[in-house]
There are 2 protein chains.
Amino acid sequence: MIAINQQATESILAQAHQQCLALGSKLTTKRSQVLEGLLVAAKAVSAYELTNVCRDKLGYDLLPMSVYRILEFLENNQLAHRLNTSNKYIACSHITCDHQHQPPQFLICKTCNKVEEVEVPTPIMESVAKTTRKAGFTLASRHLEIECYCNDCDAPETVS
Amino acid sequence: MIAINQQATESILAQAHQQCLALGSKLTTKRSQVLEGLLVAAKAVSAYELTNVCRDKLGYDLLPMSVYRILEFLENNQLAHRLNTSNKYIACSHITCDHQHQPPQFLICKTCNKVEEVEVPTPIMESVAKTTRKAGFTLASRHLEIECYCNDCDAPETVS
DNA sequence: TTCTAGATGTTATATTGTATCATTATCGTA
DNA sequence: TACGATAATGATACAATATAACATCTAGAA
C-alpha cells in the first residue's frame with residue numbers, strides 16, 4: 001500500500017522529480033498534481049475519477065484530457081501503472097526504491113479497487129513466457145493483473 | 001483457433017445448444033446468432049464490432065444492447081469468454097469438448113486481437129493463488145490474460 | 001385461454017477515450 | 001533582452017463503450 005500522509009507524499013514527489021530528471025524529462029506542476037492525486041486515492045482510479053480526486057481532495061483543477069496525457073507521461077517514467085483489466089491507474093509503489101524489481105503482479109480487488117503490487121517469482125514469469133513463445137506469441141509486457149477480492153470485501157463466491 | 005467452416009460451426013452450435021439445456025437454460029435463436037458471430041469473427045471482438053460482424057457477414061440484425069445481454073448469457077453458460085484486458089469477447093474454444101480443463105491462459109495479440117487459449121499449468125496457477133492468499137486477497141477468476149504480439153504482427157519492441 | 005417469467009426491443013444517457021487545434025510556458029541562442 | 005523553437009497544457013468536439021429503464025413479445029405452465 002502507498003503511504004498517504006503528507007510527509008510521505010512529499011518525499012515521494014521529490015523522489016519522482018529526481019527520477020524524471022534522470023530520464024531526461026520534467027515533473028511539472030500539473031504532473032506532480034496528478035501523481036499526488038494517485039497517491040491520495042490510494043487505489044486504482046480511472047482518469048475521470050482522478051480529476052475528481054484532484055479537485056475535491058486537493059483543490060487542483062485539471063481537465064480529463066490533461067489527466068490522460070499526464071497519466072501516459074507518468075507511466076512512461078515508471079511513476080504510475082495502467083491496469084488494462086479495469087482501465088484504471090495506480091501510483092507505482094516503488095518510487096522511493098532505487099533498485100530493480102521483479103515483474104509486478106497486481107492484485108486488484110474487483111469491489112473496492114484496492115491494489116497490491118507484489119513481485120512475480122522469476123520461474124513463474126519464465127513459465128508464462130515459455131508457454132507464450134510455444135504458442136507463437138511474444139510477451140508485450142511482463143506484468144500480471146489478477147482480479148481478486150480483498151479481505152475487506154466479501155467474495156460473492158470463493159474461487160480459490 | 002476456432003474452426004470457421006460451415007460444418008464445424010453448425011456442430012459447435014448444436015453442442016452449445018445441448019450444453020445450455022444441461023445448465024437449465026436455452027440457446028435461443030438470437031443467442032445462437034451471437035455465438036455464430038463470435039465463431040465467424042475468429043478473434044476477440046467488442047460488442048459493437050460483433051453487431052457489425054453479425055450484420056455484414058451473417059445478415060443478422062442485432063442491437064448492441066441485445067448483444068451485451070446475450071454475451072453475458074454466453075459467458076455464464078461457458079460458451080464465451082470476456083477479456084477484461086481489452087473489453088472484448090471470444091467464443092470458448094472448448095465447446096465441443098466434454099472434459100474438465102485447466103484454467104485458461106489467453107494470449108491476446110495487441111495488434112490484430114487474435115487470441116490463443118492455452119492451459120495454465122496447475123503448479124503455475126497454484127503459485128499465483130498462493131501469492132494472492134498471502135497478500136490477503138482471494139482469486140476472483142482462474143484465468144490469466146496475457147498481452148502479446150502474434151507472429152504475424154511485429155512487436156514494436158521485443159520484451160521476451 | 002390466461003397468466004407469468006424470461007427474452008428481446010427501444011430509447012436515452014452515462015462513461016470512457018481520442019483527435020484536433022489553439023494557447024501558453026520554457027529554454028537555448030543571438 | 002528579444003526571438004524562435006519545442007514542449008506542455010487548454011479547450012472543444014466527438015467516437016466508442018457500457019448501462020439504465022421501461023415497453024413489448026413469446027413460450028410454456030396452470
Is [X] near enough to [N] that one of its side-chain N or O atoms lies under 4.0 angstrom from OP1 or OP2?
X     : N      : value
B:Y48 : D:dA16 : no
B:S66 : C:dT8  : no
B:K30 : C:dG9  : yes
A:T28 : D:dT9  : yes
A:R31 : D:dA8  : yes

What integer distance in Å separates [X]:[atom1] from [N]:[atom2]?
X     : N      : atom1 : atom2 : value
A:L62 : D:dA11 : CG    : P     : 11 Å
A:K88 : C:dT15 : NZ    : C1'   : 10 Å
A:Y68 : D:dA15 : OH    : C1'   : 12 Å
A:N77 : D:dA8  : CG    : C1'   : 14 Å
A:E49 : C:dT16 : CD    : C1'   : 11 Å
B:N87 : C:dT15 : CG    : P     : 16 Å
A:L71 : D:dA8  : CG    : C1'   : 15 Å
B:Q33 : C:dA7  : CD    : P     : 16 Å

When you measure from the side chain of [X], which nucleotide among [options] comes out closest?
X     : options                : result
A:M65 : C:dG9, C:dT18, D:dG10  : C:dT18
A:L63 : C:dG17, D:dA18, D:dG10 : D:dG10
A:R69 : D:dT17, D:dG10, C:dT10 : D:dG10

A:L71 reachable from A:Y48 in the ILVMFWY side-chain graph, under 4.5 Å edges: yes
DNA chain D: 5'-proximal contact among B:R82 and B:K26 (nearest heavy atom): B:R82
Full working for side-chain contact (heavy atoms from CB on, under 4.5 Å) between B:Q33 and B:L58: CA-CA 8 Å; B:Q33 289 176 350; B:L58 298 169; over 6 Å; no
Salt bridge present between B:D61 and B:R55 (N-O < 4.0 angstrom): no
Any side-chain heavy-atom pair of A:T131 and B:I124 under 4.5 Å: no
Spatial distance of atom CG (A:L39) from atom CD1 (A:I95) [nearest 0.5 Å]: 6.0 Å
